[in-house]
Amino acid sequence: MNEKSCCEVIGRSVRRVDSQGKLTGKARYAGDISVPGMLHARVFRSDRPHARILAIRTAKARASSGVVAVLTHADIPGKNVIGQVKPDQQVLCAEKVRFVGDPVALVVAETEAAAEAALALMEVDYADLPGVFTPEEALRPGAPKIHEDGNLLEEHALRKGDPEQALAGAEVVIRTAYRTQMVEHAYLEPEAGVAVFENGRATVWMPSKYAHADQRELATVLGLAPENLRVVNTTIGGCFGDKVSLSAGFFAALAAVNTGRPVRTVYSREESFIATRKRHPFRIDYTLGASREGRLVAAKIDILADAGAYSASSPTVLFKALIHAAGPYDIPHVGMKLTFAYTNNPVGGSMRGLGVPQTAFAHESQIDLLARKLGMDPFELRLKNAMRPGSVTATGHGLGDSVGLVETIERVRREVAAIGTPPATATKRYGWGIASMFYGIGQSARPNPGRARIEVDEEGRFTLFIGIGDVGQGSSTAMSQIAAEVLGRPVEEIRIVAGDTASCPDSGVTAASRVTYIVGNAVHMAAEDLLTQMRDLAAGFLRSAPGKVLYDGKAFRTVEGAGRQVSVAEVVRSARQKGGELCGTGVFDPSYTPLDPETGQGEPMGTYAYATQAALVGVDKESGEVEVLKFVACHDVGRAVNPKAVEGQIEGAVSMGLGFSLSEEILLQNGRMVKPGFSQYFLPTALDMPEIRSLIAEAPEATGPFGAKGVGEPALIPTAPAIVNAIHAAAGVRITDLPATAEKVWRLFRP
Amino acid sequence: MNWKRYERASDLNGALTLLDRAEGTGRVIAGGTDLVLQLGQRQKSAELLVDVTGIDELRGLCASGAWIRIGAAVTHREAAASGLLREEAAVLAEGCGMVGSPQIRNIATLMGNVITAQPAADAAVPLTALGAELRVVSAAGERWVPLEEAYRGVGESAIDATREVATEIRFRRPGAGAKTRFFRLARRKALALPVLNGAVCLWRDGDAGRIREARIALGPVAARPFRARQAEACLTSDRITAALLEEAARLAAGEATPRTSLIRGSEEYRRAMIRLYLTRTLWEMLDIG
Amino acid sequence: MDHGVKIRMKVNGQWREAETTPDRLLIDLLREEFGFTGTKKGCGEGECGACTVILNGRPLLACLIPAAKAEGADILTVEGLTPEQGLHPIQQAFQDEGAVQCGYCTPGMVMTAKALIDENPSPTEAEIKRAISGNICRCTGYTKIVAAIVRGAALLRGEAATTPAGVDRERVPQLPPVGPG
Ligand code: FES
Ligand code: FES
């Protein structure tokens, strides 16, 4: 029985459910919240990269006008340790600081200005320790130890087939060393949080893409039972993987618990640069072997990453890199070694793509170099080796049907041919570069269930509860669309509560592009569950069998009798009279098999997204300046739940990838950031952006909600290599070290 | 606590009196886009800020006789849009149009761009090439300061904003035989201080085959906007040929003193860019190539 | 705390006064004293445009302006732009074009667009890009923002704006007639 045609809401660019508030200024970001009697807390941070703390003297700061309290490690009521994967970081350092920006004390004052002024009065005696600023130095024997158990944070290998032998026999071998830089997320909203502590219970409002995890971790710090800590997600002004764990809300909560007054903490932009996590810089040694016909036979990949001072999400990044470093190609023999080392640099965290933008830069550059060496068209070479249904990944994962890579390559190829390449001028050369990628949706090889709940009230109105916050990408809209589709209602009529630990189920984290696929499935199941419950009740009402009851979004009626019907509201009321609540729940956890610790073999992800992008650049042959003129991006998203939102993700990711490839870089001198802030961190402006043509390919994923997979991170992954390959096509030089600044390009022109 | 008083002067005398009474603890503020940040970061201090942007006589941008006069309250936006400047001193309008962002240009003044004393300033560099001078007034009287003498060091002006008010910028109208042009290299297309900027003014009336006078100002390649005098001399030394222009650009690259910086690039690259951009600009201005 | 100076200005059509410290910045006065938190602070250093307000007709950065400098000024923030019912045409265009993601740049972007269109009712794409070149958006890549400003200008000129490409704006699910399955 087909009640409604799929799909009324899925696949439509409905308006975002949250844009009205954001456009009118009514949306509440954490820094917009004011509570009567509120204090302001500012973090006093280490200005040393590596030092032992001898004494923390707070008296002067405490005596400063308007200061209410100065807190140190001694004032932490619970455990002074955090780290969601490996607990190796303190909330307020007690014995040692490990990077410039490590928190040492918290100044709480009546006004922000008073707190700020008191920061300057803090006195800490340090004994400086020798610093370690590159992963190579960190792993050298005898290097100063950053953590008790040494500087090796994590090391893993992958082995498929016999890469050494295959490389030895390969007809063509290309070996290149690549480097990527440290990158800042640069979400436009600096971290903020507001906390209230009353009667032994704390409430914290903060941008939290995973309120339940923040609740668990922060509760241990505050020494509270998790049920006595409520984390409420506020509107998130961007996060791109950051705003996790130790954030402004943690400090606000610590201050509130200590002073008994409401507290707000807002980071300055400079602080946001210094204190928060960064994209890991990678060194990649990449050897690729192929036959003369362009068939890839083997890859050997060595990766060394700078993890910074603490583990944070390094293990997550490492596994994502491992799973994807061989690229979206069927390569029979692959060997990898990935090493993450501690340094006294800013902490490496999760950032859009989780290590895969770095590895994609390497493998797509390699493919391009190989095409040149073989004299092959780079589209052709990719098509020849592209993953298809049934292909086997580097981890030995045999792929299902939803593999749209070939379509993305072919469509980009047609589009590029249609646009053409401008002729060279006296000073400028033009060229197209392309790059492809695949990206596993969700967290790697571990359970990461998504949960959702839908309630319906006596007026027949639906409310969707999910634990994840919308980081700006539009997840709340997409989730509402999925619920609306199943429940046959307009999206505007689905109320959504996202990320309040008091009412929402734990949906896992907004990360790894997992929301649409994983939480979307949970929402889909919850809506189906609710509908089934309602239908069963309605059938009783109508004295019919559930299978004979039709639903039109507002009411149920029987197949036979045109006149007999019962509304959703009536169903709910009658259920309540009988003491029952109608509530649909859903939980989805993608299937996986763990990775073998020795060989890295397994089926780590539920599904993969695919993409191909192409960039047209103009290169000034004398100055080395690069301008990106046009961009084509084709993404296999399984099913575009909201095409306009998918386009928006692609366009935004291209701008981030453009910054990654050409201009963005955190510059450090002995662990100290050069000019932290926006003024010398070159985010693309409107004038730097090319025209972008977004194409959506849909290879439906049978296990995805309405076939959907995801796009948030994939859109960024091929951008930098597409641009770098375009520079080669235009100017004949190969950038192996990001970002491709004008000076670097210029140097390659010199003999 | 930052400044304790903010006064908006309605006439020059009022402003001078306020500064005088503050005995060195007052400071002139115009657009304030640099000063507010510097005060916030404690790089500068002031108890009293005297806002001079409401003073009518500082508002004008006009030609008077042989001069173009620009009041201290004139913003970059006004200068960039000025028909007079576009017509007679395009280099200045172009430079002003590159400062910061539209919002900054709407309030930041040319005078501020000079007094803040940054060698990369996009208005000050063309003003240097135009041979501008500043009228500086204090309780002690008034004086004219050639722009090139208005600098003490990076970020340090020779004008004492705690006691003096710089009221006006003026320069001789370049005249009919003049050509002027601005160039700029930056890490992105807006909101970025330049890696290199330059202003070139050429006069070639009389013998069409020669340059009568040349002025080249460059930033940020020295502690202040830098006049490439050897290059200027070279340009007037002989008939215009491609070789002459290239020689001048080579000289300019040699006499400037850019330093290696993590953000702006190596000394070598920056010298090469001076040479490249200057060559290109001169070629374009003289229709060679 | 050294309070003690009174600052008066017209914000969103209404005269308002606050007693504050003399060194208060306009952004803090608007947000903390007057409660107009729609104006965002993205950097506090003049480098992002999130704090853009229209002051005496010009888009300016509230984070760089001493509140006292704005004494007596006429200021429009995003709250003042928003009509009582619904959205201003520029806001509407942002919504229709999908130009809002995290939304943190949005109020500043909308105010910059408003100032541009007031001055130039038919801006070209190039003019729009230049006008918003001081407004950083980390999320959208600007494409949809530029399209929204083109559309907003058209709406304000009273031109019947066409539905943006690829979007079925008004479409709500129409349920098919119910019949035997
Ligand atoms: S907050 Fe004012 S420009 Fe960024
Ligand atoms: S929408 Fe997030 S910064 Fe623009």
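What you see is a predicted model; the values in this text were computed from it and never measured. Proteins get letters first, then strands, A, B, ... in listed order; numbering begins at 1 in each.
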Could you tell me whether a side-chain N or O of R16(A) sits under 3.5 Å from a main-chain N or O of G98(C), the two making a donor and an acceptor?
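Here the side-chain-to-backbone pair does not exist.
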Looking at Q95(C) and R15(A), would you say the former's side chain and the latter's main chain have a donor-acceptor pair under 3.5 Å?
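No; judged by distance alone, with no hydrogens or angles, the pair does not exist.
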Max heavy-atom pair count under 4.5 Å with chain C, selected residue of [options]:
options	result
D32(A), L658(A), I650(A)	D32(A)
G652(A), G25(A), A653(A)	G652(A)
S34(A), G237(A), S655(A)	G237(A)
E691(A), R264(A), E270(A), E493(A)	R264(A)

Distance (rounded to the nearest 0.5 Å) between [X] [atom1] and [Y] [atom2]:
X	Y	atom1	atom2	result
I692(A)	Y142(C)	CD1	OH	11.5 Å
E97(C)	S19(A)	CD	OG	12.0 Å
K22(A)	C105(C)	NZ	SG	10.0 Å
M689(A)	C137(C)	CE	SG	10.0 Å
L188(A)	C43(C)	CG	SG	8.0 Å

Looking at [options], which makes the most heavy-atom pairs under 4.5 Å with chain A?
options	value
K129(C), H88(C), R130(C)	K129(C)
G38(C), A126(C), G141(C)	G141(C)
E32(C), E79(C), M109(C)	E32(C)
T77(C), L81(C), V100(C)	V100(C)

Looking only at non-hydrogen atoms, find the nearest pair between [X] and [Y] and report the distance.
X	Y	result
Y104(C)	Y29(A)	N-OH, 3.4 Å
P684(A)	I136(C)	O-CD1, 4.1 Å
R138(C)	M656(A)	NE-CE, 3.5 Å
E47(C)	S679(A)	OE2-CB, 3.3 Å
D96(C)	K644(A)	O-CD, 4.3 Å
T106(C)	L23(A)	CG2-CD2, 3.5 Å

Go through the atoms of V78(C) and report whether side chain, backbone, both or neither lie under 4.5 Å from a heavy atom of chain A.
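Backbone plus side chain of V78(C), per the 4.5 Å heavy-atom cut-off to chain A.
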Residue T37(C) versus chain A: region with a heavy atom under 4.5 Å:
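Both backbone and side chain of T37(C) come within 4.5 Å of chain A.
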Less than 4.5 Å to any heavy atom of chain C: does that hold for the side chain of [X], its backbone, both, or neither?
X	result
Q649(A)	both
L683(A)	both
A27(A)	backbone
F240(A)	side chain
E112(A)	neither

Pair K144(C) + E651(A): basic N to acidic O under 4.0 Å:
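The answer is yes: the pair qualifies as a salt bridge.
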Heavy-atom count check: over 12 atoms from other residues, nucleotides or ligands less than 6.0 Å from E127(C) CD?
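Yes, the 6.0 Å shell around CD holds more than 12 heavy atoms from other groups.
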